[in-house]
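Notes follow once the structure below has been shown.
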Amino acid sequence: MDQKFWDKIDSFGQNGEYDKIVKEIKKLPADKMDMELINVLGRAYMYLGDLGNALDTYLSFIGKAEEDTLNADIWLYSEAGWTCNEFEDFEQGLKYLLEAEKLGRDDEWINTEIGQCLGRLERYEEAIKRLEKSLKLIEADEAENGDEKVNEKIFIVSELGYLHAVQGKNEEALKYFYTAKDLGRNDGWIYLHLYHNLKTTKGEEEALKYFEEQAKIEDKNPVLLEALGNIYMLEAANYEKAEKTFQKAFALSGDGQQLFNRGRALAALKKYKEAIEVLLQSRRISEQEGDVTDGEDVELVRCYIGLKDKKNAEKYLELAREGADNVADEFIDEYEEELDQLEDMIDEL
């Protein structure tokens, strides 16, 4: 293919026009297909949410690569397995990954992908063995080449922690979660799992104490502060500390989510006027960033009900109902039930 063709394909990809990539490549005669085109076509189908055609693209080319056919087939089976995993079809993903392994692939990547599949299929002990093997392969590679694979290690130890936790092996799980944090993982997922496993093994008081101590050490870490704020909010019901913690997190990050969290804490304290001011600021940021505002709208309804301001409560209830399209299917019934309850409360004003 000439450069003009690839420039066009690149342009479609940058614009998210994957259907046009498919049309361009499908125009080509079969004898022009090669591994590069197969890769681009398979990914385009994946981004279009078309698992069937993505798999057909990879599997129909098995044995057809003109050069290095064995390694090409290993890559095709690996890609097919990975694509299935992206669609959460772990049974089928495992099948193709094992085909790649049969052909000779035995590196960190394939063992990690197989381990993830086995874990999602609740074959926990098999999954743990695979992931432990992945860690050993990484460590051997680091010793040989001197290149640290931090992100890969974070993913693997996080998975190992999760797999132990779901089996109730909380002490073992904590070892891996601590390792993931020490390696640099800093997100809501790791803090959630650290908290719940600490709570299970040492109790709620000790779990809270750990996070408070970490927040003193990492006092410029807004992600950790948000986690602590959520613990105050949801577990300890200490809304005053939650509000102050979210306020500090926002000052450090400028993240509108922290304003929203702070607004919820203020509402829980029945400081409705202050909560409304904060929630409206959060709502403006959400709109500026093209984000949804249904969370703010629901909380604003509650605040205006608390102030017995029927007009504004009705205004934001209507906006909250308009935001129902943004709610995931598994939560929509609960969301609409909550709005109906708020409507009943407005009617009583």
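Along the sequence shown, residues carry numbers from 1.
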If I take atom [atom1] from residue [X] and atom [atom2] from residue [Y], how far apart are they, to the nearest 0.5 angstrom?
| X | Y | atom1 | atom2 | value |
| --- | --- | --- | --- | --- |
| L198 | L174 | CG | CG | 5.0 Å |
| K202 | Y210 | NZ | OH | 9.5 Å |
| K175 | T179 | NZ | OG1 | 10.0 Å |

Decide whether [X] and [Y] meet the rule of one side-chain donor and one side-chain acceptor closer than 3.5 Å.
| X | Y | value |
| --- | --- | --- |
| Q258 | S253 | no |
| D10 | Q14 | no |
| T293 | D297 | yes |

Only pairs under 3.5 Å count here: list side-chain donor-acceptor contacts from residues 180-192, not counting sequence neighbours, and write none if there are none.
unit_1	atom_1	unit_2	atom_2	d
K181	NZ	Q214	OE1	3.1
K181	NZ	E218	OE2	2.8
R185	NE	D187	OD1	3.2
R185	NE	D187	OD2	2.9
R185	NH1	S158	OG	3.0
R185	NH2	D187	OD2	3.1
N186	OD1	Y191	OH	2.6
N186	OD1	N221	ND2	3.0
N186	ND2	N221	OD1	3.3
D187	OD1	W189	N	3.4
D187	OD1	I190	N	3.0

With a cutoff of under 4.5 Å between side-chain heavy atoms, which Ile, Leu, Val, Met, Phe, Trp and Tyr residues group with L252?
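Members other than L252 - counting any ILVMFWY side chain reachable under 4.5 Å - are L225.
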Linking directly or through intermediates, with side-chain heavy atoms under 4.5 Å: list the remaining ILVMFWY members grouped with L259, chain and number order.
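Listed partners: F250, L266, V278, I285.
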Taking the basic N atoms (NZ, or NE/NH1/NH2) and the acidic carboxylate oxygens, is any pair closer than 4.0 Å for [X] and [Y]?
| X | Y | answer |
| --- | --- | --- |
| E159 | R120 | yes |
| R262 | E274 | yes |
| K102 | E99 | yes |
| K169 | E172 | no |
| K27 | E24 | yes |
| E287 | R283 | yes |

Tell me, which pairs form a ring-ring contact (aromatic ring centres under 6.0 Å, His included) where one or both residues lie in [range], sequence neighbours left out?
| range | answer |
| --- | --- |
| residues 324-349 | none |
| residues 266-324 | Y304-Y316 |
| residues 13-53 | Y18-Y47 |
| residues 114-142 | none |

For [X], enumerate each residue passing the side chain to side chain donor-acceptor pair (under 3.5 Å) test, keeping only those at least two apart in sequence or located in another chain.
| X | result |
| --- | --- |
| K153 | E142 |
| S134 | T112 |
| E206 | none |
| E235 | K199 |

For [Y], is there any backbone N or O sitting under 3.5 Å from a side-chain donor or acceptor partner on [X]?
| X | Y | answer |
| --- | --- | --- |
| Q167 | L163 | yes |
| S11 | D7 | no |
| D219 | A215 | no |
| D329 | I332 | no |
| N170 | N197 | no |

Kindly assign one of parallel, tilted or perpendicular to the pair F177 and H193, based on the angle between their ring planes and the thresholds 30° and 60°.
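Tilted.
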Name the atoms and distances for all side-chain donor-acceptor pairs under 3.5 Å in residues 338-348, with sequence neighbours left out.
unit_1	atom_1	unit_2	atom_2	d
E338	OE2	R302	NH2	2.4
D340	OD1	R321	NH2	3.0
E343	OE1	R321	NH2	2.8

